[in-house]
Each structure stands twice: as structure tokens, then as C-alpha cells.
Chemist: 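My questions all concern the structure below.
Chain letters run A, B, ... following the sequence lines, proteins first and then strands; every chain starts at 1. Here the structure is a predicted model, which means the values were calculated and not measured.
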Amino acid sequence: MQKKFNSDRYDPLSTERDSLSRRHFIKGVIAAGTVAGAAGLMTGCSDNSNNSASSASVERLVTINVNGRSRPVDVMPNETLAHTLRNKLSLTGTKIGCDRGACGACTVMIDGVTQNSCSILTHTVRKGNVVTVEGVGGVNGQLHPVQTAMIEELAPQCGFCTPGQVVSGVALLQRNPNPTREEVRQALAGNLCRCGAYNNYINAIVNAAGSA
Amino acid sequence: MAYKLIGKDFTPQDVRPKVTGAGKYTEDFKVDGMVYMKMLLCPMPSANVTSFDATDALDMPGVFGVLTADEVPQVEEPGFPMLTNKPRQLGMPIAAIAAETESIAAEALEKIKVTFDPQPFVLDPLESLYPGGTNALDGGNVTGGNIQGKEGVGGNKIHDFKWTARDFAIAGDEKMPMGEAPVEWAVGDVEAAFAEAALIIDEPFVTASSSHAALEPRSVLSYWENGKCFIHGSSQSQSWMMPGLARMMNISLEDIVYVAEYCGGGFGSKASPYPVQGMTAYMSKKIGRPVMLRVTRAEEYHFGGQRPGFQGQVKMGFDKQGKMTACDLYIVQSGGPNRGSGDYSSAAGAVALVYTPTNMRFRGAAVVTNKPWHVSQRGPGQNQIACVIEPLLDKAAKELGIDRIAIRNLNAPEADVKFTNRNSTVTSMFLKDAFSLGADLFKWEEKKKMSGQRNGSKVIGVGVGTAYHSAGSNGFDGLLSIRPDGKLYVHSGVGNLGTYSYAGTSRAAAEVLQCSWDNTVVLRGDSRQGLPWTLAQFGSNSSYTNTRTNFVAATKMKKMLQRLAAQELGDAPEDYDVANESVFHTSDETKIMTFAEAASKAIELGGEWDGHEYPDDLNDVTKSAMKKVVGAGLVSAAKDKIPKEGSVPGMATGYCMIELDTETGKFEILEYHSVADCGTVLHPKGLEQQLRGGAVMGIGEAVLDRVIYDPQNGLCATVGLDQTKPPSILDVPSNMEMSAVDKPDLSNPLGVKGIGEPAMGCAAAALLCAISDATGIYFNRTPVDPDMIINALSGRPQSFKPLQVNT
């Protein structure tokens with residue numbers, strides 16, 4: 001499994017991240033031994049029910065830790081984490097904008113590291129702790145300071161990229177409680193926002209760092 | 001006027017669900033028995049389907065049905081078909097399969113036996129205008145306009161239109177061929193003005209098509225319950241969708257339920273009903289199951305809309321002082337295989353208004369091609385032409401020795417401007433104030449001195465940009481209810497594009513009724529709430545249009561409260577005022593009715609009070625909404641009949657400083673400042689968002705965003721976000737400054753105008769001007785990429801000819 005960033009500082013000149021993670025992702029699918037799964041991958045779809053016509057695509061019960069809870073779930077070998085979260089665990093805060101690891105709307109944390117959940121196979125995270133946007137706040141629905149600051153800053157516009165921005169911001173503050181604006185910028189580099197609310201997201205995360 | 005709510009920041013109700021992930025976008029809904037649909041798309045740019053056999057697909061376990069072109073309404077050229085056997089673009093839907101899972105549907109698609117007869121195709125509008133050139137559609141190649149003496153031409157129909165070989169021969173490769181134009185207008189005499197001009201600038205230009213690339217694809221969920229058709233969609237608009245969807249499904253307005261509480265971006269591409277919405281609903285009707293269509297990113301590039309590209313020539317004459325005395329503009333607009341938008345005409349209107357040329361001629365042709373659906377994108381026409389004209393205005397300023405803001409100021413309109421052949425007027429104009437404020441805030445004089453400063457291979461460039469959009473409309477309906485819970489309910493038919501204008505404009509009603517925002521509820525996002533008719537959330541219009549509708553409905557509501565109190569408590573309606581969620585006697589404090597009491601009384605009285613009776617001039621959509629609101633409390637519905645003369649000009653100016661590396665052609669934007677003339681500021685944080693977000697998208701338009709097609713096979717080379725390159729956070733400055741002139745437009749009761757679109761165009765223009773300032777080169781093309789900069793700086797020819805597209 002590839003980390004989204006090799007270090008805190010994203011190197012924009014490196015091609016390593018996209019090419020490697022994509023290659024690993026496809027290798028993961030092939031290792032799972034399903035031709036039909038690969039076809040599904042290429043057409044950009046994923047299964048959402050418990051029985052499939054594809055004989056090779058046998059589901060297996062796995063348990064993954066999501067937002068601090070053990071969640072047993074039947075997954076297909078070729079199933080992405082984004083689909084498991086959204087369609088089987090009803091955690092629809094994680095959005096799918098491209099399904100190709102290009103936009104970051106599906107960003108989640110796995111063991112504290114941000115990942116594009118559309119490009120991670122669920123069966124590969126059985127040993128990891130997954131945190132989604134639904135899990136960054138307190139147990140009783142309290143918001144994380146990053147979320148509070150985003151509300152105060154009126155950071156989101158259409159809001160579709162926002163869960164990913166929240167998760168990237170929370171992950172940053174976990175490893176760097178007092179980031180500079182430039183460090184926030186680098187940490188959000190994998191999260192596209194077509195509305196262009198970038199400045200507001202930076203403001204919010206810097207403000208949250210002060211109050212976190 | 002001292003407002004309690006207008007001009008103040010607040011937290012719209014949908015912000016929290018956006019940051020928690022609880023906000024439900026179309027794909028987040030699940031309905032019992034829901035199945036998934038996938039589409040068979042045309043794999044080539046133009047073809048006729050010669051055979052189609054889905055037998056094997058239908059035999060697969062888990063497949064529920066196939067939907068073909070024969071089962072859905074067909075449209076005439078140049079309409080956008082839902083499903084077709086004559087696909088005229090790559091990725092046009094031919095058929096759809098519904099199955100238990102998406103994988104089954106995808107496998108089933110592969111089992112459909114379909115054969116195609118490939119047809120000639122055209123991607124470059126100029127090729128289509130060449131004698132004998134390919135027409136993208138059977139009926140012709142040009143939409144819009146009137147050619148005298150040719151039968152059956154005009155309006156929005158398609159016609160066959162060619163220039164002569166001589167037109168092309170005269171022009172050569174370096175200049176736009178300028179044959180007869182389907183659309184033409186003139187003011188004054190440009191030729192005479194050119195003869196007397198101190199300076200003439202005459203340049204060809206190209207602006208690339210680009211994808212809207214909204215982050216949420218246009219997914220659809222549809223199901224039928226008790227004869228009603230439910231559609232969950234990703235749309236900019238709410239009430240605007242209703243009539244089109246009803247027509248698409250051939251059912252009455254009453255039978256459409258439209259849910260669009262959240263929309264993950266549209267930028268013009270999700271303004272009106274789109275064919276996949278109908279397709280999903282027809283499939284659901286056919287198989288009797290709820291159907292979810294998850295549109296993929298690649299599909300979004302095929303039918304999600306693109307900004308029309310321009311090829312053109314602009315000739316401008318200036319006097320010694322820098323006044324633009326003549327402008328001769330010719331634009332050929334690239335469209336998809338369907339009726340496009342009026343970008344080229346809007347571009348001409350923008351030139352006429354922003355630079356007020358004394359004499360002007362506009363000629364234009366909207367040419368259809370076998371590229372995807374082209375549709376309005378943020379600042380349709382105005383923003384492309386800002387990218388063309390603004391750098392050339394700098395070129396003129398340089399040659400005439402005039403300051404670049406000064407030349408813009410000199411040519412800027414006043415409030416009494418008359419522009420285009422229609423002698424159009426404006427409702428207000430404070431562009432000069434914006435330049436003056438912008439120059440101060442950006443410290444233009446200081447920054448200008450830094451222009452050209454070198455640091456190793458890096459050089460400083462400074463630019464200013466201007467953009468306009470007609471930013472407001474009128475004649476729509478407002479609907480309010482005061483309910484027994486004592487709260488004011490604003491029924492908003494505005495969509496949720498992410499601008500929060502649905503909320504900002506609702507505050508107009510609360511302001512008039514002096515109701516606290518805490519006790520104001522905005523109903524929206526689901527037609528079952530009873531939502532009034534209003535314009536789509538496009539064209540920067542919502543702030544202006546819906547402050548008016550809500551003002552009108554609230555003014556009526558206030559009178560109703562006064563009459564009701566007088567009727568129940570005695571004395572005349574004028575003796576009562578409204579505030580603090582109550583109607584009270586101004587000189588007898590015992591005579592008071594709370595909103596809750598008024599609502600209960602209204603329900604008791606019925607008739608005109610609780611929505612049983614309403615004005616006949618309301619739109620059918622509002623009348624349909626009344627049926628859902630009736631009896632809810634005290635109900636006020638009214639049509640906006642406040643006078644409005646002229647266009648409502650949203651004006652924006654941008655100021656930009658860059659450091660450009662002459663060895664790599666890359667640059668960093670060091671500073672960006674934007675100053676808007678958007679009337680009275682309605683919602684400061686919302687305005688900031690629009691100016692900043694517009695700037696980001698403008699940076700994309702100037703230097704990044706484009707779509708490219710392979711000229712040999714007509715296939716799309718840009719089907720991913722990594723390929724069309726919408727700006728990332730690293731492409732834009734981390735702090736952009738925003739300000740507004742904040743002077744009221746008196747045609748709006750609260751002084752408000754829109755701004756979303758010019759916010760983008762001014763940034764695109766300012767950046768291009770800064771690049772030209774740093775390099776001394778005028779590219780006459782967007783986007784400007786580092787290769788072009790390097791080629792130009794090193795004296796190498798560009799890799800394309802001046803009017804070439806798909807570069």
C-alpha cells in the first residue's frame with residue numbers, strides 16, 4: 001500500500017505517487033484473482049449487492065476498523081474502500097469525484113495517513129484503522145476544530161470536495177499541530193476544489209490549528 | 001439604509017452538513033429495490049447504428065431491462081437526444097441496461113451486439129465552413145442567425161452554411177477568413193473610424209473549449225410512486241427544472257417530484273434538465289424499479305458539457321488618447337452536435353459595454369461539430385472575450401504610452417451607457433469606482449514599477465483585468481408562509497450551487513418583516529416543500545432576481561399581517577407594524593399578534609389568508625407549489641412586478657502580479673486582488689467566496705483548462721481531471737484579497753446585483769495581462785501554457801497555426 005505522500009512535503013515533481021499507487025491498485029485486483037473484477041474496474045463500476053453473476057467474484061466476510069468500530073462486511077475481491085464505505089457501511093460522507101485517485105473527494109485516513117479510498121482495495125485494509133469524515137469529530141457528534149473553523153470561514157461552496165478537505169486537514173494537524181499556510185497548502189494538494197475555495201480551506205485549517 | 005441582515009455574515013443551514021459529510025448528494029440516496037443503470041455510448045465521433053441486438057444481455061441473470069432510442073422521445077436536430085441511433089458525437093448514449101449491480105450492467109453492455117456505420121465527422125468549425133466541408137449534423141452545420149434570401153433559415157434551427165474558397169485564400173493561415181456571417185450587427189461606421197485611428201490592432205485569436213469539470217458527476221436516481229415521477233438530480237437549479245422534466249417525461253407538473261438539496265458544482269453545465277435524467281426515469285418506468293445512474297468522470301467529459309471555444313479576428317482602432325473608436329469583431333463559435341449557447345453574441349455585447357467603442361461591428365457564426373455538447377460555462381462569452389481583448393488593450397496602451405488602468409478607465413462605461421445595435425442600457429454602473437478602489441488596494445503605481453524586474457531567470461509581470469456579466473433578472477415569484485410555530489418560512493426555488501444565494505436572498509424577506517434569522521426557515525431542495533417559480537441558478541442572477549421576489553412577497557406579507565391585525569384587534573392596518581415575529585399596534589401595546597397567532601388565525605379564516613386564494617399571474621410552477629402550502633399558515637405569494645429597465649451589470653476587476661521563469665515558462669502568482677461592482681453587498685463572506693473561487697477558475701481558463709480531440713479519429717484525449725487540469729491548490733496563491741465598491745443598484749429594492757461570473761473573467765484576463773507584461777508577448781490564445789511561453793521567448797515558432805484548434 002502506498003502512502004498518499006511520501007513525506008509531509010509533497011513533491012510536485014515526483015511522478016511516483018500516481019503511477020505507483022495505480023500500479024499497486026491494479027496488481028491488487030489481479031492478485032485477488034478475478035477477471036470480471038478487472039472488467040468492472042475498467043468500466044468504473046463496483047458491486048453493491050450480495051450476489052453477483054460473476055462466478056469468480058466471490059465475496060468474503062472481512063472485518064475492518066472504521067471510525068473506531070469493528071465493522072464486519074462482505075466484500076468483493078475487487079471492491080474499493082470508497083465503495084465499501086459508501087454502499088455497505090452507509091458512510092456516504094466519503095465522495096467519489098473521479099474514482100481514479102485524481103480528485104481527493106474520497107480521502108480517508110488509514111492509520112493516520114491520507115489515502116484516496118477509491119484507489120484502495122477494501123481487503124487490503126483489514127489490519128488498518130480507517131477514519132472517514134464521519135469519524136473525525138467527537139463520539140457525541142461534536143465537530144472537530146477543523147470542521148468548526150470551516151463553518152466559521154464559510155469554507156465549502158458546493159461541498160462535494162469538503163469531506164476530503166476536512167480529512168486532509170485533520171490528518172495534517174495530527175502530525176503537525178501548527179502548520180504554516182504553505183504547509184497546509186501542500187497537505188491539501190491532493191484535494192481538488194472546482195469551486196476554488198482553496199484560500200478558505202487554508203484559512204480554516206490555520207485557524208483550527210490555533211484552537212485544536 | 002441600516003439593515004439588520006443585508007450585508008451581514010451568517011451561517012447558512014447547509015454548511016454544517018457539508019463539513020460533516022451528512023449532506024446528501026444524489027448518489028448518497030438509497031431506495032428499496034434500487035437497481036443500477038449503465039449506458040452504451042457511441043465509441044466514435046459520428047455513426048449510424050445499423051443493428052442492435054440485446055438478447056444475450058437480457059438473458060443474463062440480474063439484468064432487468066434494456067432501454068433503446070425507440071422507447072424515449074426523440075428530438076429534432078440540433079436537439080440533444082436522450083438515446084439515439086444516429087449518435088453524432090463520441091460518447092453519445094445509444095442504449096442503457098439496468099441490472100442488479102453495476103458490474104452486471106457493465107457485463108451485459110458488452111453482450112449487446114451492435115454495429116455502426118461510421119459517418120464523416122468534423123472537429124474544427126473552420127473546416128466545416130470550407131466549401132464542401134463536413135457538416136456535423138444531417139441538417140447542416142450552423143445554428144442561429146438569419147441569412148437573407150435562404151429558405152428555412154433562422155431561429156434556432158440548423159442550416160447548411162459555407163464560406164467561399166476565396167474567403168479562405170484571402171485570409172491565408174495567419175488571419176481569420178471572414179466570409180458572410182449568419183449573425184451580424186453594426187453601430188456607426190467602423191471602416192471610417194479605422195481610417196482616422198491613431199493606432200490599429202488587428203489580431204486573430206483562439207480560446208479553447210474547456211470542461212466544466214464539476215466535482216460531482218451528474219448522477220440520477222429516479223423512481224415512480226403512485227403515478228408520480230421522483231427524480232433526484234445534481235442541478236444548479238430547483239424550480240427551473242420542473243417544466244422541462246415534466247415535458248421530458250410527458251407528464252404534468254403535479255406529477256414531478258424533484259429533489260436536489262445539494263449539487264456538487266455545475267458552473268453552467270447543470271442549469272437545466274439534462275437527458276440522462278429523463279433516460280433514468282424512463283428506465284425506472286419501464287422496469288418498475290428505482291434506478292440509479294452513477295455517471296463516471298469519463299462519461300462526464302462526454303456529456304457533461306464544455307465551454308464553446310472561439311476562433312476569431314478582432315480589429316480595434318484607437319485615438320491618441322486611447323479611446324477605442326472602432327471595434328470589428330468576428331467570432332466563430334465551436335459547438336457540439338446540438339444547439340449551443342449564445343456565447344459569441346454575449347461576447348460582442350460585453351465588448352460593446354466594457355470598452356464602449358464608438359463604432360462597432362460584430363459578425364459571428366455558431367458552428368456545430370462532432371465534439372460533445374457545448375453549453376454555457378461561467379461567464380459564457382464574456383469571459384472568453386475578456387481573455388482576448390484585455391491583453392490587446394494592454395498592447396494598445398503600451399504603443400500609445402498610456403497607463404493600463406487609465407486606458408480601461410477612459411473606455412469604461414458610465415451609468416447612461418447605450419451599447420450594441422439594440423441601444424441596451426444598464427441599471428447601474430460603478431466600474432470606474434472599481435478601478436479606482438482596485439488601484440489603491442493593489443497599490444497599482446508601486447506594483448507597476450516592479451514590472452519587468454529581473455531576479456536571475458525570473459521576471460515580474462503585473463496585470464489588470466475586467467469582466468462583465470448581465471447579473472440579474474425579474475418577473476419571477478416569491479412565496480412565504482408564517483406557520484403556527486411562529487416562524488417565517490421562505491420557500492426558495494433557487495438551486496444550491498454552493499453560492500449560498502438561496503440563503504442570502506431569503507434574508508431579504510426576513511429583513512422586510514424584521515424577523516430574526518434564527519426564526520427564519522428556508523425551505524428548498526425538494527419540490528414537495530412547495531417551491532415557487534424562479535430562474536435557474538445561472539447567469540449570476542440569483543442574488544438580484546430573488547432578493548426582488550422575496551422582497552415582493554414579504555412586502556405583501558407585511559400588509560397581510562397589518563390587515564389581519566386590524567381586522568382582529570381593531571383600528572386601521574396603517575396603525576400596525578411588523579417586527580420581532582409579531583404584528584403590533586404602534587400606539588397601543590395591548591394590541592399585538594404574534595406570528596404564531598397570526599398563522600393560526602389565517603388557517604382558521606382560510607381563503608386569501610392561508611393560500612387557498614392566490615394571484616392569477618403566478619407561474620404554473622408556483623400555482624402547483626400553492627397546493628402543497630395551502631393551509632400551512634399565513635401564506636403570501638406574489639409575482640415580482642417591480643420595474644426594471646436594462647441589463648443588470650455585474651462588473652469585476654482583477655489585479656495580479658506574477659513572477660515568471662523565462663527558462664521554464666512557469667510562473668507563480670505572487671498576489672491577486674479583486675474588486676467588484678455588485679451593488680450593495682448582500683453577504684460579505686459569500687461575495688468573498690465568489691470572487692476567490694472565480695479567480696481560481698479564471699486562472700484555470702487562462703493557463704490550464706482545455707479539452708483536446710485527436711483530429712484523425714475524433715477521440716477525446718482529455719477524459720480525466722489530471723488531463724483537463726482544473727487548478728489545484730498549488731496553482732493559485734494562498735491568499736487572495738477581495739473588495740467591493742458596495743454602491744446600490746437602485747433597480748433592486750435592496751441594491752443588490754450578482755457577481756459570480758465576472759469574478760472569473762477578470763482574473764483570467766488579469767493573469768494573461770501579467771504574462772504578457774512579463775514576456776512582452778501577446779499570445780491571442782487560451783490557455784497559455786509554458787511551452788507557448790518558452791517558444792515565444794526563444795523566438796521559436798509555436799507548434800500550431802494562429803487559428804488552429806485542439807492544440
Chemist: Arg181(A) versus chain B, heavy atoms under 4.5 Å apart: side chain, backbone, both or neither?
Modeler: side chain
Chemist: Any idea which heavy atoms bring Tyr25(B) and Phe160(A) closest together, and the distance?
Modeler: OH-N, 3.4 Å
Chemist: So which part of Asp28(B) gets closer than 4.5 Å to some heavy atom of chain A, the side chain, the backbone, both or neither?
Modeler: both
Chemist: Please determine, among Glu153(A), Gln165(A), Arg185(A), the option with the most heavy-atom pairs under 4.5 Å with chain B.
Modeler: Arg185(A)
Chemist: If you look at every heavy atom in Gln157(A) and Lys18(B), which pair is closest and at what distance?
Modeler: O-NZ, 2.6 Å
Chemist: Specify which of Arg378(B), Glu300(B), Met34(B), His212(B) makes the most heavy-atom pairs with chain A at under 4.5 Å.
Modeler: His212(B)
Chemist: When you measure from the side chain of Lys30(B) to the backbone of Asn87(A), do you find a donor-acceptor pair of N or O atoms at a distance under 3.5 Å?
Modeler: yes
Chemist: So which residue, Asn735(B), Val696(B), Val19(B), ends up with the most heavy-atom pairs under 4.5 Å with chain A?
Modeler: Val19(B)
Chemist: Side chain from CB out, backbone as N, CA, C, O: work out which of these in Ala213(B) comes under 4.5 Å of a heavy atom of chain A, or both, or neither.
Modeler: both
Chemist: Let's test your reading of the structure: which of Pro163(A), Gly93(A), Pro156(A) forms the most heavy-atom pairs below 4.5 Å with chain B?
Modeler: Pro156(A)
Chemist: Quick one: of Gln689(B), Lys685(B), Met736(B), who has the most non-hydrogen atom pairs under 4.5 Å with chain A?
Modeler: Gln689(B)
Chemist: In terms of heavy-atom proximity below 4.5 Å to chain A, should Thr499(B) be classed as side chain, backbone, both, or neither?
Modeler: neither
Chemist: Just how far is it from atom SG of Cys103(A) to atom CD of Glu216(B), taken to the nearest 0.5 Å?
Modeler: 11.5 Å
Chemist: Which answer fits Pro733(B), side chain, backbone, both or neither, if we ask what part of it has an atom under 4.5 Å from a heavy atom of chain A?
Modeler: backbone
Chemist: Output all residues satisfying ring pair (Phe, Tyr, Trp, His ring centres under 6.0 Å) with Tyr500(B), sequence neighbours left out; order by chain, then residue number.
Modeler: none
Chemist: For the atom pair CD (Gln690(B)) and SG (Cys195(A)), what is the distance rounded to the nearest 0.5 Å?
Modeler: 8.5 Å
Chemist: Select one option (side chain, backbone, both, neither) describing which atoms of Leu154(A) are under 4.5 Å from chain B's heavy atoms.
Modeler: both
Chemist: Is it the case that atom CG in Asp32(B) sees more than 12 heavy atoms from other parts of the structure closer than 6.0 Å?
Modeler: no
Chemist: Counting N and O atoms only, with roles assigned by atom type, does the side chain of Arg297(B) sit under 3.5 Å from a partner on the main chain of Gly97(A), one being a donor and the other an acceptor?
Modeler: yes
Chemist: Could you tell me which non-hydrogen atom of Ala189(A) sits nearest to which non-hydrogen atom of Ile729(B), and how far apart they are?
Modeler: CA-CG2, 3.6 Å
Chemist: When rounded to the nearest 0.5 angstrom, what is the spacing between CZ in Arg16(B) and CD in Gln147(A)?
Modeler: 8.0 Å
Chemist: Hey, what do you get for OG (Ser734(B)) to CD (Gln186(A)), rounding to the nearest 0.5 Å?
Modeler: 10.5 Å
Chemist: When Tyr198(A) is tested against each of Val732(B), Leu730(B), Asp731(B) for side chain to side chain contact (heavy atoms under 4.5 Å, CB included), which residue passes?
Modeler: Val732(B)
Chemist: For Glu27(B) versus Arg86(A), what's the shortest heavy-atom pair and its separation?
Modeler: O-NH2, 3.0 Å
Chemist: Name the region of Ile96(A), side chain, backbone, both or neither, that has any atom closer than 4.5 Å to a heavy atom of chain B.
Modeler: both
Chemist: Looking at every non-hydrogen atom in both residues, tell me the closest pair between Cys161(A) and Leu215(B) and how far apart they are.
Modeler: CB-CD2, 3.4 Å
Chemist: Which one of Leu143(A), Ile151(A), Val133(A) satisfies the side chain to side chain contact (heavy atoms under 4.5 Å, CB included) criterion with Thr20(B)?
Modeler: Leu143(A)
Chemist: Using heavy-atom distances under 4.5 Å, tell me whether Glu152(A) contacts chain B through its side chain, its backbone, both, or neither.
Modeler: backbone
Chemist: Hey, what do you get for CG (Asn199(A)) to CG (Leu691(B)), rounding to the nearest 0.5 Å?
Modeler: 11.5 Å
Chemist: Can you tell me if NZ on Lys111(B) sees more than 12 non-hydrogen neighbours from other groups inside 6.0 Å?
Modeler: no
Chemist: At their closest point, which heavy atom of Arg194(A) faces which heavy atom of Pro727(B), and how far apart are they?
Modeler: NH1-CD, 3.6 Å
Chemist: Distance from Lys725(B) atom NZ to Leu192(A) atom CG, nearest 0.5 Å?
Modeler: 11.5 Å
